[in-house]
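Here is the naming used below: chain letters follow the sequence lines, and residue numbers restart at 1 for every chain.
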There are 2 protein chains.
Amino acid sequence: MVNIGEASRASGVSAKMIRYYESIGLIADAARTEAGYRTYQPGDVETLRFIRRARDLGFSVEEMTTLLALWRDKSRESAEVKRVALGHVADIERRIRELEGMARTLRHLAGHCHGDHRPDCPILDDLAEGIVSPAQPPAAKGFLRP
Amino acid sequence: MVNIGEASRASGVSAKMIRYYESIGLIADAARTEAGYRTYQPGDVETLRFIRRARDLGFSVEEMTTLLALWRDKSRESAEVKRVALGHVADIERRIRELEGMARTLRHLAGHCHGDHRPDCPILDDLAEGIVSPAQPPAAKGFLRP
DNA sequence: CATAGGGCTTCCCATGATGGGAAGGTCAAG
DNA sequence: CTTGACCTTCCCATCATGGGAAGCCCTATG
């Protein structure tokens, strides 16, 4: 039976976000005191901690909705949970590959830039002309400009 | 002397974004015909292509502002360009590490999930209790919940 | 010349997840 | 009874991007 501030401290989810999650229906509307204050039971705080951990693992609100439903469904199939988790992993890996392509290209360009007082700079040359040397990873450009 | 649609096609930047970049001052206000249509010179299109490439490398609008200024400044020091580029690389690498921590944890959890018709699931168990096994990469959790 | 269609204009709204802050009600301790 | 901490709702901002409406403009075709 705690207020939103206490629930926030106990779960690591900000009060702002708790209200937001309620407003979009990720969590049920909290019970209220006569004065209109939201109150949370231990089980609610547990749910918030679940959300906090899922969020830290990069799950979207939509995915968290699915995970919460599975968590509550005692007759779930673990295969479904695994599917959601691995789908998210695939998503993360795709983003990592994107970022790695960018970093690779930039490191390559920076490696050819004197980095001194002179103005000549292959980094700007590439941005301007797109004549970036193919270098080892031709995948970088292909990935970014398909 | 082309319209915004032609400039968009030639640069790979959508007309919407060209107008947006103008509105926030990333690019100068385009010249207009008597009827109010924006017109673009070859040099303007070149600038848009520069922006397109910078964007594809993950630079923010703020960073693009800096890069465009350096590009135009013929007395720039390449060291500054390199500094901006490497700063961005560091940023990308930080994001990659974050994502890798998430992926590692999730792959670990999923590896221990039967993924069949039974409801038992270490993935949900971890989200609920945070008892995730430390596994090889204890960095994953420490990274996410500092 | 009139009309159709495609292109252009501005303006408003939405995204996702989060925070900031204002105006005002509530509660507990002094 | 006052003070300060806490709560409420509501609005706005972020960042880069797209959707769409209402209305003007231009050109090709009948």
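As rounded to whole Å, 9 Å separates atom C1' of D:dT17 from atom OH of B:Tyr21. For A:Ile4 and D:dT9, the CD1 to P distance is 9 Å, given to the nearest whole Å. Summarising the geometry, the separation between CD on B:Glu34 and P on D:dC26 is reported as 9 Å, rounded to the nearest angstrom. Atom C1' of nucleotide D:dT8 and atom CG of A:Asp29 are separated by 14 Å, given to the nearest angstrom. Regarding A:Arg55, its CZ atom lies at a distance of 17 Å from the P atom of C:dG16, rounded to whole Å.
Residue pairs that meet the side chain to side chain donor-acceptor pair (under 3.5 Å) test with at least one member in residues 13-29 of chain B, sequence neighbours left out, are B:Glu22-B:Arg38.
At C:dT9, one or more side-chain N or O atoms of B:Arg38 fall inside 4.0 Å of OP1 or OP2 (strictly under the cut-off). Contact annotation: A:Ser60 does not reach the phosphate of C:dG16 (side-chain N/O to OP1 or OP2, under 4.0 Å).
Closest to the side chain of A:Tyr37, out of C:dA17, C:dG20, D:dC6, is D:dC6. Proximity note for B:Tyr20 (side chain, C-beta onward) versus C:dC27, D:dT9, D:dA16: the nearest is D:dA16. Distances from the side chain of B:Lys16 to the nucleotides C:dT26, C:dC11, D:dT9 place C:dC11 closest.
Between B:Met17 and B:Leu26, every side-chain heavy-atom pair lies at or beyond the 4.5 Å cut-off.
The shortest heavy-atom contact between A:Leu67 and B:Leu127 is CD1-CD1, 4.0 Å.
Evaluated for a side-chain contact (heavy atoms from CB on, under 4.5 Å) with A:Ile27, the options A:Val13, A:Ile51, A:Asp44 yield exactly one hit, A:Ile51.
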